[in-house]
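Comments concern the structure below.
Residue numbering restarts at 1 for every chain, and letters A, B, ... go by the order of the sequence lines.
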Amino acid sequence: MGGLQKKKYESGSATNYISRNKARKKLSLSLADFRRLCILKGIYPHEPKHKKKVNKGSTAPRTFYLLKDIRFLLHEPIVGKFREYKIFVRKLRKAYGKAEWSGVQRMKENKPAYKLDHIIKERYPTFIDAVRDVDDALSMCFLFSTFARTGKCHVQTIQLCRRLGVEWMNYIITSRSLRKVFLSIKGIYYQAEVLGQTITWIIPYQFAHDHPTDVDYRVMATFTELYTTLLGFVNFRLYQTLNLVYPPKVKHTKCASIKYMDLHISYQKLAALSASLARTVPSVEDEEAELDHFPAEGEDLEKMETREKMELEQNKQKKLFEGLKFFLNREVPRESLAFVIRCFGGEVSWDKSLCIGSTYDETDETITHHIVDRPTIDKQYINRYYIQPQWVYDCVNGKILLPVEEYFLGVTLPPHLSPFVEESEGDYVPPEKLKLLALQKGEKPQAEEDEEEEEEEEDDEDDEEEDDQSEDEDEAEDEASLAEMEEKRAQGKSLSVKVTPGKVKPENRMRTEQEEKAEEKRLAIMMMKKREKYLYDKIMFGKKRHVREANKLAAKRKAHDDANKPDKKKKKKKC
Amino acid sequence: MEWYKDYPHIGYDLDGKKIFKPIRNKDELDEFLDKMENPDYWRTVQDKMTGADIRLSDEQVDLVHRLQEGKFGDVNFNEYEPAIDFFSNEVMIHPVTNRPQDKRSFIPSLIEKEKVGKLVHAIKMGWIKPRRPKETTPQYYDLWAKEDPNSILGRHKMHVPAPKLKLPGHEESYNPPPEYLMSEEERLAWEQQDPEDRKLSFLPQKFACLRAVPAYSRFIHERFERCLDLYLCPRQRKMRVNVNPEDLIPKLPKPKDLQPFPTTQSLVYRGHSSLVRSISTSPSGQWLVSGSDDCTVRFWEVSTARCLKTVEVGGAVKGVAWNPNPSICLVAISYDDTVVLLNPGLGDRLVSTATDQLISSYEEPEEVKEQPVQWTVAEGEGHEQGHRLILKHPKAVRQVTWHGKGDYLACVMPDNGSSLQVVIHQVSKRRTQNPFRKNKGLVQCVSFHPIRPYFFVATQRYVRVYNLIKQELTKKLMANCKWISSMATHPGGDNVICGSYDCRLAWFDLDLSTKPYKVLRHHKKALRSVAYHRHYPLFASGSDDGSVIVCHGMVYNDLLQNPLIVPVKVLKGHTITHDLGVLDVTFHPTQPWVFSSGADGTVRLFT
């Protein structure tokens, strides 16, 4: 049993991890550059299992990276570019100091630049990987594209972000892959299904940003740098799959107009989202490829059937607004509505003075829906519905054309529900959702009748309550008579002795059984092991909390409805 | 002039005399009148140098006008005269100047040459790069045109993709259902909380129309936090245990199948006015004795709950124990430092008299050994009450327990560090032994092995098993609890249960190990007493939470099979007084009934 004694922290987990500072020194980068590199390469810290072992006995809070990751970074060509840039900055500063303006000019022209193509390829070896990760990229790009040119970031970046966003939206329109929209207080959420991947992104409402001071814009800019590159390549590939021209061009009916079309104007038209895109192969309208039918058995068959059903439903949803003509008033969010309506095959236009790209006038007789977001409108055409913008979004989420009555001008809107919530068993489901589900199943909306029925039911309930009350009263009477009898007895008067036949207590077999079972369970729980008991208690606690929350919501709703009922009744009477 | 503001003069003449300011005694009114009446007022100006008023002449006024209009002051100046170029495009025969040209205009510049040379050198050396065509817009191409599977590195398999952001729920809607809005109190509570503790990061709000929705002020913050999460958060794959809680509950035989066991409270023995510390049943199961803090011992008939006899003793009764030998009718009662052997005179008269005879037939041995305990025979009033023998101990006796044969009696006198904590009396010979030369720790309770000559001594944390014949320690059981309160031995003798003040009940299998075979934490509060049934596979535990839990504890003859322990019934009945619930439990010797005595002064029978 000879051999040297093993030294501490020379093998095992202590050597697998490296602290951030050491990693930085190993790469000889400044902290800012190291951060940038980590962002670009997607390297994140790791939490060692035994922190004290890795930290060589110290308990100081440190960030640890995997040594493998840092070694991987050593071979990154971009690290060289970072160093070059550092030198460039030093030279530039020197030239400024010496007031060598021509030198400054020359250096600025030769500013070292780097490309992130290889990093994208390396981080996302397959296209699907890239599509899966495009969520954050989209949200970030859409955020940056709403920035004003205030010097928070480069103007070129803003423009690029805007361009990429417009390209993406045009792709979604052409491929009709939008699935859900949600108007939240933060912004508008969109969910699309691209190549089988569900992608969700958020666009803030169109307002100037109040730039916070506690946000590091350099970090955001680095992320944006990566995301724009990623999104550009993804867009390119997506356009290719649909045989569209990239960079996108508006489809022109007249060839002559191309010549006069300014590049800038064409881009603006594209951004207006009202025109369809040009294709590389001027092929026929793409027909939905019919699903091939394979002979299947048993479960597979069932799966197939459900899949087919889903497919059908989806196709139906894609053509939701087909044949409808919308006109947007100037106060509604034009871009969002135009995007959503076009995604589901509707035609959309707006006032000419509002934005470029309007296709028809307000006076057009064929307009079916006019979207307005003000209480009243002066001039109304008879043959169209005047509705509030929420109708469009609710229709998309409900996958059907909802009745327009609830969305007329000046009407209190029904609640806008989140399409992302999928209620499992035991969750609270708001009544509006139930209504929507009923509508989807094809049941006729007979809201008013239902309400009346409900009222009737409630009346019944009231009656029952009254019954209860009367029972209570009976009991009270009994007690009173008993008290009287006692008094009489106390006074020593002779009582009219009466024996009432006793009632047989009906033995509730179900209940006793249940009780027995409950006790059995309680006793069995007593015999649990400590660890299992802990886990069990935790699970049960979570479940109970869940139920409590659902109950709370239900109670709140009931209280609200009860408070509002008299108002409604009054209104009805007035009507 | 400002220097002379406060003086009457405005300077000095050549002779050094003051030049006085012209007298100005005009006040505001004079000024006004002047303005109204003097037609030349408008062209009167005060000369600052002399302080005198000067009336401007017509020419001067005209000049002012011209200057005001931006014209030249001179009337005769023509600003639009035809310009004559000095250097024109027409080449003249004569030079403008007659100066001969410099030499340097013929030879190339040295400085420039040096500069160009430097640049050429720099370009040659690659120090200066020729301008590249600027790429303003990034070029995109089909990056994934060739997807080769080799490009998927090992690290991609290790890669943990960042979790996607949580999708918004109904409460984030601009027009949520009313139940998702916060009430006033909830809102206040939300505002009071730290931003990290909040369940929702925003306040749900309702807007009547889309037009009214303002910008969300924390939008950039949230994106930034997401960025930070992406590059600063350690990622880990967490295996989420998806356990059905029902699966965790152990599968036990149904209590129904394990009958008989006591299920309901059938009788309450009332009479004591203070806590009933100890109870015991007669070997026939007909009588029950209970000792209480009100200094009485009561004898009850089990089947009718009638108190047959009350014996007053000189102190709070700590323990009572009925002699298990059916042919002897004796009850050991301990109070203060005294143990009284009492003949209640219940049941068979023959047995009673036989017992009396047995005690009176004692003959003094020749040699009188010095004993740690003083034996005296009760006489007079005590004898009439049933007292037969009185044993005076040096210290307070806490527990008394009989050997199965009914001849030996063990008493516990807890005292830390003393050598005299446990004494064993032999009734027939009126002899007392101190079995241990030294006791480790505070003895809590003792018990005899039902069959073999073993003796169990429970101290605070351990149970020691002694062989009385060989006079040695055979086993030391680790109870894994803080303070043992009670102990009971299985009639088979191979199993022991210990109740402890930290709510545990430990079951030892002596054949298996010195550690508990099972530790049960059924009770919410300290256990006061445990008991085995003589025949049925049952054991019970009484606790300060006022409940008695009856468990099925089957011991198999087969050594390979471990005992089966199933709780079968929680019996409640005692009310908690002074934080004390059940103080003692004991089983009926033949029936599956359990007696319990409580701090509320009652004894209860559960059948």
Side-chain angles (χ1 to χ4, degrees), chain A residues 38-39 44-47 109-110 117 120-121 125-127 135 140 143 182-187 189 200 204-205 207 209-210 212 215 219-220 223 232-233 236-237 240 331 373 388-390 413 415-418 420-421 430 432 520 523-528 532 535-536 539-540 553 556-557 560, chain B residues 128-129 131 136-138 140-144 147 151-152 155-156 161 164 167-170 172-180 202 205 209-211 213-217 219-224 226-228 230-236 243 245 248-250 252 254-255 520 522 566-568:
Chain A
C38 284
I39 291 171
Y44 44 85
H46 281 257
E47 190 81 2
E109 274 164 12
N110 288 327
D117 306 8
I120 300 288
K121 181 80 201 260
T126 58
F127 179 55
D135 286 42
M140 197 65 141
L143 170 66
F182 178 49
L183 298 169
S184 88
I185 52 174
K186 295 181 180 173
Y189 286 88
T200 317
Y205 290 114
F207 288 106
H209 289 282
D210 186 12
V215 162
V219 172
M220 302 252 279
F223 268 104
F233 285 118
F236 186 92
R237 178 75 183 238
Q240 226 183 19
E331 70 274 1
D373 197 7
Q388 301 199 37
Q390 196 189 317
L413 288 168
H416 180 62
L417 297 176
S418 165
F420 304 118
V421 180
E432 286 81 12
E520 232 170 74
L523 290 170
I525 285 169
M526 288 204 308
M527 280 306 284
M528 267 176 161
E532 282 177 354
L535 184 63
Y536 179 83
I539 293 173
M540 291 321 270
L553 281 178
K556 240 173 154 184
R557 177 64 183 223
H560 181 265
Chain B
I128 296 178
K129 298 233 166 57
R131 267 177 225 147
T136 47
T137 51
Y140 298 120
Y141 51 90
D142 194 354
L143 191 66
W144 294 279
E147 283 184 4
S151 67
I152 300 172
R155 35 184 309 109
H156 287 117
K164 297 201 169 186
L167 289 171
H170 296 312
E172 207 181 308
S173 165
Y174 86 102
N175 184 13
E179 62 269 31
Y180 287 97
F202 56 91
Q205 278 171 298
C209 54
L210 192 58
R211 192 187 54 205
V213 184
Y216 182 61
S217 57
F219 195 92
I220 296 178
H221 273 284
E222 281 186 1
R223 288 316 321 163
F224 179 60
R226 171 70 176 167
C227 288
L228 289 186
L230 283 178
Y231 90 97
L232 280 181
C233 269
R235 294 180 201 166
Q236 232 169 16
V243 187
L248 288 174
I249 299 173
L252 294 175
K254 281 190 176 178
L520 310 173
H522 298 166
V566 183
V568 285

Would you say that [X] contacts [Y] through its side chain, given a criterion of any heavy-atom pair below 4.5 Å between the two side chains?
| X | Y | answer |
| --- | --- | --- |
| B/I220 | A/H209 | yes |
| A/V215 | B/H221 | yes |
| A/L417 | B/S173 | no |
| A/L553 | B/Y180 | yes |
| B/E179 | A/H560 | no |

Inset, instruction - Please confirm whether the backbone N or O of A/S418 pairs with a side-chain atom of B/H170, one donor and one acceptor, at under 3.5 Å? - result: yes
Inset, instruction - Determine yes or no for a side-chain-to-main-chain donor-acceptor pair under 3.5 angstrom, with B/R223 supplying the side chain and A/L143 the backbone. - result: no
Under a 4.5 Å heavy-atom cut-off, does chain B meet the side chain of [X], its backbone, both or neither?
| X | answer |
| --- | --- |
| A/Q388 | side chain |
| A/D117 | both |
| A/Y189 | side chain |
| A/P204 | both |
| A/L523 | both |

Using non-hydrogen atoms only, which part of [X] is less than 4.5 Å away from chain A: side chain, backbone, both, or neither?
| X | value |
| --- | --- |
| B/R235 | both |
| B/P214 | backbone |
| B/E172 | both |
| B/I249 | both |
| B/F219 | side chain |

When rounded to the nearest 0.5 angstrom, what distance separates [atom1] in [X] from [atom2] in [Y]?
| X | Y | atom1 | atom2 | result |
| --- | --- | --- | --- | --- |
| A/M527 | B/H522 | CE | NE2 | 5.5 Å |
| B/L167 | A/F182 | CG | CZ | 10.0 Å |
| B/S217 | A/K186 | OG | NZ | 10.5 Å |
| A/I39 | B/L228 | CD1 | CG | 8.5 Å |
| A/D135 | B/K164 | CG | NZ | 3.5 Å |

Heavy-atom pair of closest approach, residues [X] and [Y]:
| X | Y | value |
| --- | --- | --- |
| B/P176 | A/P415 | C-CB, 3.8 Å |
| A/E432 | B/P177 | OE1-CB, 4.1 Å |
| A/V421 | B/G169 | CG2-CA, 3.6 Å |

Legend entry - Non-neighbouring partners of A/E532 that pass salt bridge (Lys or Arg N to Asp or Glu O under 4.0 Å), sequence neighbours left out: none
Inset, instruction - Could you check whether the rings of A/F233 and B/Y141 sit parallel, tilted or perpendicular, using 30° and 60° as the cut-offs? - result: perpendicular
Inset, instruction - Using the side chain to side chain contact (heavy atoms under 4.5 Å, CB included) rule, take B/D142 and A/F236 through it: C-alpha gap first, then chi angles, then the decisive distance, then the call. - result: CA-CA 7 Å; B/D142 194 354; A/F236 186 92; 3.8 Å; yes
Below 4.5 Å, heavy-atom pairs only: which of [options] has the largest tally toward chain B?
| options | result |
| --- | --- |
| A/E331, A/R237, A/E47 | A/R237 |
| A/F127, A/F420, A/F207, A/Y44 | A/Y44 |
| A/H46, A/M540, A/E520 | A/E520 |

Inset, instruction - Output the option from B/P178, B/C233, B/C209 having the highest count of non-hydrogen pairs under 4.5 Å with chain A. - result: B/P178
